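Below is one structure; the comments refer to it alone.
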Amino acid sequence: MQQSGMQRQAPSPMKPERGTPSRAPSGIIDIAGLSPYNGKRWMIKGRIVTKSDVRTFNSARGPGQLFKIDITDGPGSEIAATFFGGAVDQFYDFLKLHQVYTFAGGSVKAGNPKWDRTPHVITFDQGANIQAAEDDSNIPGLAYQFKTVAQIMEGPKDITVDLRGLISDVRPCTQITMKDGRARPKRSLLIWDPSMGQAGSGHIEFTIWGPQAEKEDYPTEGPIFIKGARVGEFNNTKSLNSVGNTVVAYERPPAVEPAWVEEILAAWNNAGKPAPPRGASARSATIQELHNENMRLSSPMENGGGGFDPNSGPTALRHALVGTVTTVYTERPPYYPACSQMVDDGKGKQRACNKKLSDEGVDCWRCASGHTCQRPQYRYLLRARLADHTGMVEVSSFDEAGRLLFGCEANDLAALWDDENRNEELQQVLKRPYWKRCNFSVRSQKEVWQDEERVKVSVTDIASENMVRDGKKKLSEILTALSEGSAGGA
DNA sequence: CCCCCCCC
């Protein structure tokens with residue numbers, strides 16, 4: 001994804017004769033006039049508004065490489081172009097984002113709305129003829145076809161859309177493990193616009209994937225302008241994702257009239273600055289909210305373990321919360337010896353068995369599945385207490401969360417635990433999690449333990465807390481509360 | 001000729 005806080009300012013006069021092939025002696029035609037019928041006998045002049053990295057791929061014909069650009073020659077007049085093979089080496093460095101070129105020698109074909117946001121696309125190979133052109137103030141930067149939150153919610157998924165709105169929340173960056181095992185950073189923003197009126201919340205989740213998600217230097221409120229986000233769906237709600245050529249701007253692009261910013265800020269105030277709904281990836285919960293919402297959880301054995309009761313609550317709930325670690329229970333080791341035998345996960349992939357190993361003598365450990373090994377790998381399994389200003393909660397944490405809390409592998413902690421001569425060092429490490437203030441992602445489930453129902457809360461992810469961001473947000477909440485208090489004339 | 005675009 002590309003980030004563009006400042007956009008090239010272009011004067012407003014429209015290009016004359018929009019949408020009609022130009023008869024200028026140069027032979028340049030408008031992008032709008034391009035179609036497969038042009039064959040290769042055409043030339044366009046346009047500004048590069050997005051440019052991807054080079055990607056390599058393997059196809060039936062062997063390995064290949066490509067990169068993509070989006071070209072515009074006028075408001076709403078845009079086309080995507082892909083460079084393959086030798087054209088990548090020829091043009092990747094030559095073509096610069098925001099600059100104007102003439103393009104010829106490519107072939108035009110119909111775009112596929114599933115992944116192209118323009119009606120036609122161009123492919124270039126070594127036959128491409130591309131020349132740098134003088135900057136042309138008639139050619140603006142990115143053009144947007146904004147949809148509202150309501151339109152996106154009611155429209156189809158798997159299309160790309162543009163959206164403008166106000167940032168209503170910024171979730172911390174977390175590392176997501178993909179189905180193929182790779183880790184990928186992600187950060188969700190919540191974006192509000194007034195289009196849902198009173199009917200709905202008006203907030204939509206926009207997830208930034210990849211290295212951009214790790215950046216911390218962007219606003220946590222105010223306007224946002226998104227070009228080319230992909231519509232997804234989860235839990236019957238539409239959401240947006242950044243993809244390769246998604247462009248995010250936090251400053252009003254020239255194509256957007258200044259009055260729009262004033263209007264949406266006014267609408268936001270009129271609507272009472274609506275907070276995003278609580279939900280899987282929405283606003284952080286307080287610990288009190290966590291407990292309250294967990295009361296809806298249904299028991300695992302309800303209905304005798306079978307049948308679906310529409311009146312029963314969800315079997316699991318996810319929350320994000322900001323908490324401080326006040327206790328880690330270390331009467332017993334906060335780790336266990338885990339079986340590292342690879343097993344089938346039932347979905348065609350391999351994963352570690354991770355069952356607890358018991359010591360069966362010299363260099364022999366065995367797990368409940370009967371796997372044996374000489375030496376166990378230790379994994380964290382710990383209970384901790386988290387607190388915020390509304391209460392406290394006891395949570396279980398597994399290996400990944402344990403590594404973040406203790407700052408070392410469970411194997412390292414186990415080595416300290418078992419070494420009488422390193423007790424002081426051990427005590428130091430055991431203290432490390434204390435008073436850490438983090439963003440916790442937790443999953444709650446009701447379970448029956450010794451004939452008693454209880455809610456078990458497990459940590460699924462930990463991200464460090466951004467103190468500056470958190471402080472600014474709290475300050476702004478305080479100021480809002482104060483101004484509401486005085487406006488109320490109390 | 002890519003076309004994967006992600007997680008719950």
Side-chain angles (χ1 to χ4, degrees), chain A residues 1-2 50 52-70 80-88 92 106-118 121-128 157-161 171-190 205-214 226-248 278-282 285 314-320 347 349 400 439-445 458-463:
Chain A
M1 189 188 58
Q2 322 187 10
T50 77
S52 77
D53 296 328
V54 175
R55 197 173 79 225
T56 56
F57 61 89
N58 283 296
S59 70
R61 282 193 245 169
Q65 59 175 351
L66 67 91
F67 79 97
K68 296 180 191 222
I69 60 173
D70 288 303
T82 306
F83 293 75
F84 284 103
V88 173
Y92 186 77
S107 27
V108 181
K109 58 177 186 174
N112 181 336
K114 196 176 169 200
W115 40 72
D116 300 316
R117 63 189 185 208
T118 60
V121 294
I122 303 173
T123 55
F124 284 116
D125 54 25
Q126 287 100 318
K157 61 174 189 152
D158 293 336
I159 59 167
T160 61
V161 295
R171 300 288 313 132
C173 177
T174 63
Q175 298 292 326
I176 297 295
T177 306
M178 294 296 134
K179 284 175 191 138
D180 66 4
R182 286 178 311 160
R184 197 106 163 88
K186 92 158 208 192
R187 184 195 297 279
S188 290
L189 312 184
L190 277 121
E205 183 182 346
F206 170 52
T207 304
I208 295 171
W209 293 89
Q212 285 289 347
E214 291 172 317
I226 303 168
K227 174 74 181 174
R230 191 175 170 84
V231 179
E233 192 174 53
F234 179 64
N235 279 350
N236 294 317
T237 305
K238 296 291 192 313
S239 54
L240 300 177
N241 288 283
S242 72
V243 293
N245 62 350
T246 304
V247 182
V248 179
R278 288 257 37 273
S281 47
T315 56
L317 282 174
R318 289 172 179 277
H319 291 89
K347 294 174 221 156
K349 297 260 193 282
E400 202 171 317
N439 291 282
F440 293 87
S441 302
V442 298
R443 184 173 191 273
S444 307
Q445 264 183 302
S458 306
V459 175
T460 55
D461 193 37
I462 302 182

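Order of the sequence lines sets the chain letters (A, B, ...), proteins ahead of strands, with each chain counted from 1. Reckoned from all heavy atoms, side chains included, excluding hydrogens, waters and symmetry mates. Quantities reported herein were computed from a predicted structural model and do not represent experimental measurements.
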In whole angstrom, what separates [X]'s [atom1] from [N]'s [atom2]?
X	N	atom1	atom2	answer
A:Asn439	B:dC8	CG	P	19 Å
A:Lys179	B:dC6	NZ	P	9 Å
A:Asn112	B:dC5	CG	P	13 Å
A:Asn245	B:dC4	CG	P	16 Å
A:His319	B:dC8	NE2	C1'	14 Å
A:Phe124	B:dC2	CZ	C1'	16 Å
A:Lys157	B:dC6	NZ	C1'	13 Å
A:Ile176	B:dC5	CD1	P	16 Å

Establish, from distance only, whether the side-chain atoms of A:Ser107 and A:Thr123 form a donor-acceptor pair under 3.5 Å.
yes

For the side chain of A:Ser52 and the backbone of A:Lys68, is there at least one donor-acceptor N/O pair under 3.5 Å apart?
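Indeed, once roles are kept as given, a pair shorter than 3.5 Å links the two residues.
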
For A:Gly127, does its backbone N or O pair with a side-chain atom of A:Asp125 as donor and acceptor, under 3.5 Å?
yes

For the side chain of A:Lys68 and the base of B:dC2, is some donor closer than 3.5 Å to an acceptor across the two?
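A donor-acceptor contact between them is present.
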
Side chain A:Arg318 and base B:dC8 donor-acceptor under 3.5 Å:
no

When the nearest nucleotide of DNA chain B is assigned to A:Asp125 and to A:Met178 on a heavy-atom basis, which residue is associated with the more 5' position?
A:Asp125

Counting the atoms with a prime plus P, OP1 and OP2 as sugar-phosphate, which does [X] contact under 4.0 Å by heavy atoms, base, sugar-phosphate, or nothing?
X	answer
A:Phe57	sugar-phosphate
A:Ser59	sugar-phosphate
A:Arg61	sugar-phosphate
A:Arg55	base

By side-chain hydrogen bond (donor to acceptor under 3.5 Å, both in side chains), which residues pair with A:Thr82, not counting sequence neighbours?
none

For A:Ser444, the side-chain hydrogen bond (donor to acceptor under 3.5 Å, both in side chains) test, sequence neighbours excluded, returns A:Asn294

Measuring from the side chain of [X] (C-beta onward, heavy atoms only), which nucleotide among [options] has the closest atom?
X	options	value
A:Asp116	B:dC6, B:dC2, B:dC3	B:dC3
A:Lys109	B:dC5, B:dC1, B:dC7	B:dC1
A:Phe234	B:dC2, B:dC6, B:dC8	B:dC8

